[in-house]
Peer 1: 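I have a structure here, written as structure tokens, and I will follow up with some questions on it.
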Amino acid sequence: MLVPDIAVVPRPASATVLPGGPFVLTAGTAVLVDPQPELVTVAVLAADLIGRLVDGPVEVRHHEPGAVGVIRLRLSDQLPAGEEAYRLVVGRSGVLVEARTPAGLVHGIVTLRQLAVPAPEGALHVPAVRVEDAPRYAWRGLSLDLARHFFGLADLQLVVGLLAHYKLNVLHLHLSDDQGWRLEIPSRPLLTQRSSGSAVGGGPGGFLTAAQFAELVAYAQVRGITVVPEIDVPGHVNAALHAYGELVPDGRAPEPYTGTQVGFSRLHDAVPATAAFLADVLGGVASMTPGPWVHIGGDEALALDREEYVALVRRAADVVRAHGKGVVGWQEIAHAGLGEDTVVQYWDDRAGAQADRDALVAAARAGARVLMSPGQHTYLDMVYDTATRLGDPEGPALGQDWAGPVELRDAYEWEPSTLVPGLPPEQVIGVEAALWTETLATLPGLTQMLLPRLAAVAEVAWTAPDRRDWAGFRQRVAGQGTFWDRLGVSWYPSPQVDWQR
Ligand code: ACM
């Protein structure tokens, strides 16, 4: 008998269809948990997510032995290894989600949500299944550029919801660049006072206050997502130089920059104000960040020679480490030899970047971990194909093409552990999609570039290679469009999939 695969993205490690009828999900379904504080938060999230599916409030109740027709959430150490592992068992009489951690429970709830299908009289049916699941990689992220165009708290919360739906667990925010400064740093008020009101093409810009950043971090944390803030140094710093002219040797602050060139701005190691700037800004960001990582950028510092580049990257890394955080940086930081507690993010997979690849392999062999964001597969700001023009007909077309095009299948069909020859596969910590916003000024534009490709990258990051294949993915992802429609988010109906309508 041909058993249809359950339509969950990313594909679970194991899923067995069980005999017996479906679980019927209605507005009367309750979520039951033990009264532990960390469980109450996740139960409230579960009730909210399920309530939105059934269009009615779902109650959270405390443990009632023997209750039927309920969704039980339980912490358990009787699961396969891994912080994020979960087990979901669905039957006619109830649902049980078990995990080692609240983050694992969130994954189980998301799987439950994806399994629910419309049934008569407004109910939803969840087929009887047993899912045992855990991620392949510990780091499954999205890097989002807030500097070229700014997106505020509400938009970012929507993005966090999408990340959670595909079991991604890192939101990396690119908070500074030539075109604008996007995070309030209390000890350096001029950064946002002078440099947040600019964006590519003369857009209005904007920034997150420290309080909004904290709110976003907490919102993400409840969903099992860590925010990794990036302050890009020692290049990509025109907004910083505009705010603090003391960072320029002649003391003259440059004008705001609203174009899309890269590589022209730089810090100066010999300028006395530089060290204090790095200490204040990276120290400030580290202390605003409960997560373990701070990203120091490090890409495309084309106006610096290697020696000064390395000196500045080491200075930045020292500040981050002094605040107890691990250092993350784009692939170029591999030249700085930062050692074991570093994550180096691979991005430029063009032939011309061979020296960076060699340095990356050497850094990984010396113990650094590698985060895979190859442009040709995970840069979701690339066009889907050269013949399709997305975006407002009156405005600029969405997407760039220097690494692309990146169609859905390109985002799906690649293998992180073997992509870079010579890289020790065990040093790969995970996979991160990236969305640069030079051409993306609106939320619909942003989500059209993310969806459906984010789901493909999520499966690369979550699912073991022997459980992945394009033919299966294109069938499973076909039902996701109706979910995005229900959320009211724009997406691109890639012709590579027969979308369910
Ligand atoms: C990058 O795309 N400049 C990291």
Side-chain angles (χ1 to χ4, degrees), residues 139 141-149 170-180 182 200 228-240 257 259-267 293-304 309 312-313 316-317 327-336 338 342-357 359-360 363 368-383 398-406 410-411 416 419-420 429-440 446 449-450 453 457:
W139 186 311
L142 171 69
S143 166
L144 181 57
D145 172 14
L146 298 188
R148 274 51 177 268
H149 284 102
V170 173
L171 175 62
H172 160 187
L173 294 176
H174 182 75
L175 292 163
S176 69
D177 212 305
D178 293 317
Q179 296 84 350
R182 306 301 182 209
V200 165
V228 176
E230 177 190 346
I231 299 298
D232 199 352
V233 293
H236 290 274
V237 290
N238 192 74
Y257 180 71
T260 59
Q261 296 300 309
V262 297
F264 58 88
S265 62
R266 55 167 294 188
L267 295 175
W293 304 105
V294 171
H295 200 303
I296 60 171
D299 58 320
E300 298 174 316
L302 308 180
L304 279 159
Y309 172 80
L312 284 162
V313 165
V327 174
V328 191
W330 297 107
Q331 67 190 29
E332 291 91 329
I333 71 158
H335 295 286
L338 294 179
T342 314
V343 173
V344 183
Q345 186 164 13
Y346 180 61
W347 65 275
D348 188 350
D349 47 6
R350 292 171 292 184
Q354 189 55 45
D356 283 358
R357 262 186 301 280
L360 180 86
R369 271 153 334 143
V370 177
L371 180 58
M372 299 301 284
S373 301
Q376 288 165 25
H377 301 287
T378 68
Y379 266 36
L380 305 188
D381 58 315
M382 293 299 118
V383 296
L398 306 185
Q400 308 209 65
D401 62 6
W402 62 261
V406 178
D410 302 309
L419 191 75
V420 177
I429 192 171
V431 171
E432 199 170 273
L435 195 59
W436 302 95
T437 57
E438 285 92 338
T439 66
L440 310 177
L446 186 120
M449 300 309 267
L450 281 181
R453 292 180 293 191
V457 178

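Whatever order the structure lists them in is the order used to number ligands and atoms, beginning at 1. Along the sequence shown, residues are numbered consecutively beginning with 1.
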Peer 1: Polar contacts were defined as any N/O atom of the residue lying under 3.5 Å from an N/O atom of the ligand; does this apply to W330 and ligand 1?
Peer 2: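 No.
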Peer 1: For R369, does the CZ atom sit with more than 12 other heavy atoms under 6.0 Å from it, leaving out its own atoms?
Peer 2: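 Counting neighbours around CZ of R369, 12 or fewer heavy atoms of other residues, nucleotides or ligands fall under 6.0 Å, so no.
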Peer 1: Could you tell me which atoms of ligand 1, counted from 1 in the order shown, lie closer than 4.0 angstrom to a heavy atom of E300?
Peer 2: 3 (N)
Peer 1: Any idea which heavy atoms bring I296 and A317 closest together, and the distance?
Peer 2: CD1-N, 4.3 Å
Peer 1: Among protein heavy atoms, which lies nearest atom 3 (N) of ligand 1, and at what distance?
Peer 2: D299 OD2, 2.7 Å
Peer 1: With a heavy-atom distance limit of 4.0 Å, tell me whether Q345 approaches ligand 1 through its side chain, its backbone, both, or neither.
Peer 2: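 The answer is neither; Q345 stays 4.0 Å or more away.
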Peer 1: Are the ring centres of W436 and H174 closer than 6.0 Å?
Peer 2: yes
Peer 1: If you measure only the distance, is there a donor-acceptor pair under 3.5 Å linking the side chains of H295 and D232?
Peer 2: no
Peer 1: Tell me whether Y379 has any N or O atom under 3.5 angstrom from an N or O of ligand 1.
Peer 2: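 By distance alone, the answer is yes.
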Peer 1: Polar-atom distance check: W402 versus ligand 1, any N or O pair below 3.5 Å?
Peer 2: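 So ligand 1 has no N or O lying under 3.5 Å from an N or O of W402.
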Peer 1: Using 30° and 60° as the class boundaries, would you call the ring planes of W402 and Y379 parallel, tilted or perpendicular?
Peer 2: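 Perpendicular: the ring planes of W402 and Y379 meet at over 60°.
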